[in-house]
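Note that ligands are numbered from 1 as they come in the structure, with each ligand's atoms numbered from 1 the same way. Hydrogens, waters and symmetry mates play no part in the numbers below; they use all other heavy atoms, side chains included.
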Amino acid sequence: MPDTLAPPSIPTAPVTPAVLDGLRAIVGDKGLILDEQGKEPFVRDWRGSLVGTAAVVVRPGTTEEVSKVVRLCHEHGIAIVPQGGNTGLMGGATPYATHSGIVLSLGRMNKVIEVDAVGYSMTVEAGCVLQTLQETAANADRFFPLSLGAQGSCMIGGNLSTNAGGVQVLRYGNARNLVLGLEVVLPNGDVWNGLRSLKKDNTGYDLKHLFMGAEGTLGIITKAVLKLWPAPKDVATAWLAVRDPQAAIEILSEAHAASDDNVGSCELMSRAGTDVVLRHIPNVQDPLKADTNWFLLLEWSSSRLKADGAEGMSEKLEQFLAEQFEKGRVLDAVIAQNEAQARNMWTIRESVAPASRAEGGGLSFDISVSTSQVPAFIDKGLEAALNILPSIRPYPLGHIGDGNIHFSFMSPVGMDRETLGQYAPAITRAVNDLVRDMAGSISAEHGIGIDKIDELAHYRSKVELDTMRCLKRALDPKNIMNPGKILRL
Ligand SMILES: Cc1cc2nc3c(=O)[nH]c(=O)nc-3n(C[C@H](O)[C@H](O)[C@H](O)COP(=O)(O)OP(=O)(O)OC[C@H]3O[C@@H](n4cnc5c(N)ncnc54)[C@H](O)[C@@H]3O)c2cc1C
């Protein structure tokens, strides 16, 4: 990963004492962080691989304050880095080392404005932590399906700005599918109020989709109307030892009908990925010691409460697994018998990122191909990477039902980051060329940020890049909104 990439055109207008006074007049002292120690968590990314700088971290408490802050920065040409929970993995929320402007943190805007249980929606501020929103929905006997490893600290504004994926995409779609309306502060400070709870609204361009996945380069999401679903009432979670990735996609393919369309999640894990979690994360048990490199975390869930004596998700899943065993796809399996066992399975899956961070350096590619191509991608991708560096330690995993593999590698034992860095460009090119040849995406869910800016330029067509630049210039002619992210202008 790059430590710093010098972006070609990032505004360098400083936060002068007069501008600082202006910011203080808008947000007060409680909304400003000026000391280096206080700013530190806002200028360093989650992985600890990027460190930037900011004149000041501004923490507005309302949309009106966000608007005034942005208008002031716009007047003076000062660059703004919007930030939510700062858990992004591509450096989008991290200011460059040359950044002379502000980080605008949404963390104080954390109110749930309304829960409409009857209409299956809730209206929230952008700084709400994802897990709080899941709990808010559950308290109203509803379900907000966005779910990912960082849910205890990532914020909904960040989730929408990265169009986050996670472990429920298979059934509910990614973040942009969970949204009915948005409120956004544009780069000139204007507020676009698109906070509508409409299922149907064909009134011209659907502006909300412009801001989702834009990684804060087109405006600042301040509020959202989110869709809700019925709460799951009957859930069965299983850990399967499977023959190989081909068996995994065939299992999933047959699971849809066998579960009456109730597959919630289907996550591929490898032996090496499981082991790295067992090494670094306390209080986690290995669910199965089967002799295979491949595991599946499969969850079926229904919003219908299981009636006494009736067949529920667990019984259906058990029968299905027996059939899959007969077909030679499943080698062994365990169905969680209680909440703690299910949680243990999920902890393994969700702890891969922190565990691999604890393990030390590595490479990871967040790619997608069509689901049926996943096994071929894994085979060819491993061969390509191992040809370049035979001692690198692969642990592919991910949202196999979405065709999204986190194609990840630990450093060879004893190899330092710098040496691994010498191999990284060749491995990156080999993996991403394969993705291109298989008509896939070089970023399935983590976005572009800083890390993939040059890869995006390499793989997307001139027409596509020019259209993106055209939108950016139209909305942000001064290039103050998260400059140098996604695109070089
Ligand atoms: C352990 C772990 C597991 C993860 N698992 C997944 C996963 O399964 N799926 C997945 O998709 N991602 C995953 N991620 C990545 C990350 O959690 C998501 O990208 C998340 O959506 C980012 O939210 P955040 O609030 O932390 O955003 P930040 O990191 O603060 O920001 C991300 C981007 O959005 C912009 N931004 C933030 N808030 C706003 C706003 N209000 N308006 C405009 N722009 C804004 C920032 O400028 C930046 O470009 C994981 C990360 C970790 C650390």
Checklist entry - When you measure from atom 15 (C) of ligand 1 to each heavy atom in T87, N482, V184, T94, which option holds the nearest one? => result T87
Checklist outcome for this item: closest protein heavy atom to atom 20 (C) of ligand 1 is N159 ND2, 3.4 Å
Item to check | Identity and separation of the nearest protein heavy atom to atom 42 (N) of ligand 1 | outcome: I221 N, 2.9 Å
Item to check | Pair R142 + D116: basic N to acidic O under 4.0 Å | outcome: no
Checklist outcome for this item: In ligand 1, the atoms that come under 4.0 Å of a heavy atom of H446 are 10 (C), 12 (N), 13 (C)
Next on the checklist: According to ring-ring contact (aromatic ring centres under 6.0 Å, His included), who are the partners of H99, at least two apart in sequence or on a separate chain?
Outcome noted: none
Checklist entry - For atom 10 (C) of ligand 1, which of E215, H406, E445 has the closest heavy atom? => result E445
Checklist entry - What atoms of ligand 1 come within less than 4.0 Å of a heavy atom belonging to C154? => result 23 (O), 24 (P), 25 (O), 26 (O)
Next on the checklist: Between D190 and R71, does any NZ, NE, NH1 or NH2 come within less than 4.0 Å of an OD or OE carboxylate oxygen?
Outcome noted: yes
Item to check | atom 50 (C) of ligand 1: the protein heavy-atom neighbour that sits closest, reported with distance to 0.1 Å | outcome: L89 CD1, 3.8 Å
Next on the checklist: Taking atom CD as the centre, does E464 end up with more than 12 heavy-atom neighbours from other residues, nucleotides or ligands that are less than 6.0 angstrom away?
Outcome noted: yes
Checklist entry - Tell me: protein heavy atom nearest atom 31 (O) of ligand 1, and distance? => result A93 CB, 3.5 Å
Next on the checklist: Is there a side-chain contact between T274 and V352 in this structure, where contact means two heavy atoms from C-beta onward sitting under 4.5 Å apart?
Outcome noted: no
Checklist entry - atom 40 (C) of ligand 1: which protein heavy atom is closest, and how many Å away? => result S161 OG, 3.6 Å
Checklist entry - Do M269 and L296 have side chains that get closer than 4.5 Å, going by heavy atoms? => result no
Checklist entry - With backbone taken as N, CA, C and O and side chain as the heavy atoms from C-beta onward, which portion of K485 lies under 4.0 Å from ligand 1: side chain, backbone, both, or neither? => result neither
Next on the checklist: Applying a heavy-atom cut-off of 4.0 Å, say which part of T162 lies close to ligand 1: side chain, backbone, both or neither.
Outcome noted: side chain
Item to check | Identity of the nearest option to atom 28 (P) of ligand 1, non-hydrogen atoms only, from V66, N86, I486, V81 | outcome: N86
Checklist entry - Where's the contact between L106 and ligand 1, heavy-atom distance under 4.0 Å: side chain, backbone, both or neither? => result side chain
Next on the checklist: Nearest 0.5 angstrom please: D451 CG to L50 CG, how far?
Outcome noted: 5.5 Å
Checklist entry - Under 4.0 Å between a Lys/Arg side-chain N and an Asp/Glu carboxylate O for E36 and K39? => result yes
Checklist outcome for this item: Counting heavy atoms under 4.0 Å, the part of E350 that contacts ligand 1 is neither
Checklist outcome for this item: If you compare A150, A224, G398, S147 by their heavy atoms, the one closest to atom 4 (C) of ligand 1 turns out to be A150
Item to check | Pairing of R460 and D466 as salt bridge, 4.0 angstrom limit | outcome: no
Item to check | Identity and distance of the protein heavy atom lying nearest atom 1 (C) of ligand 1 | outcome: A353 CB, 3.6 Å
Checklist entry - Can you find a non-hydrogen atom of G166 under 4.0 Å from ligand 1? => result yes
Please report, to 0.1 Å, the donor-acceptor pairs under 3.5 Å made by any side chain of residues 101-111, with sequence neighbours excluded.
| residue | atom | partner | partner atom | Å |
| --- | --- | --- | --- | --- |
| S105 | OG | G107 | N | 3.3 |
| R108 | NH1 | R59 | O | 2.6 |

Next on the checklist: Can you tell me which portion of A164 lies within the under-4.0 Å heavy-atom range of ligand 1? Options are side chain, backbone, both, or neither.
Outcome noted: both
Next on the checklist: Does the residue M90 have a heavy-atom contact with ligand 1, meaning some pair of atoms that are separated by less than 4.0 Å?
Outcome noted: no
Checklist entry - What's the shortest distance from atom 46 (C) of ligand 1 to any protein heavy atom, and which residue and atom give it? => result P82 O, 3.2 Å
Next on the checklist: So S147 and Q134, do their side chains get closer than 4.5 Å, heavy atoms only?
Outcome noted: yes
Item to check | Nearest protein heavy atom with distance in Å, relative to atom 29 (O) of ligand 1 | outcome: G88 N, 2.8 Å
Checklist entry - Does the pair D454/K452 count as a salt bridge with the N-to-O cut at 4.0 Å? => result no
Item to check | Sub-4.0 Å heavy-atom contact, G219 with ligand 1 | outcome: yes
Item to check | R349 to W239, cation-pi by 6.0 Å centre distance and 45° axis angle | outcome: no
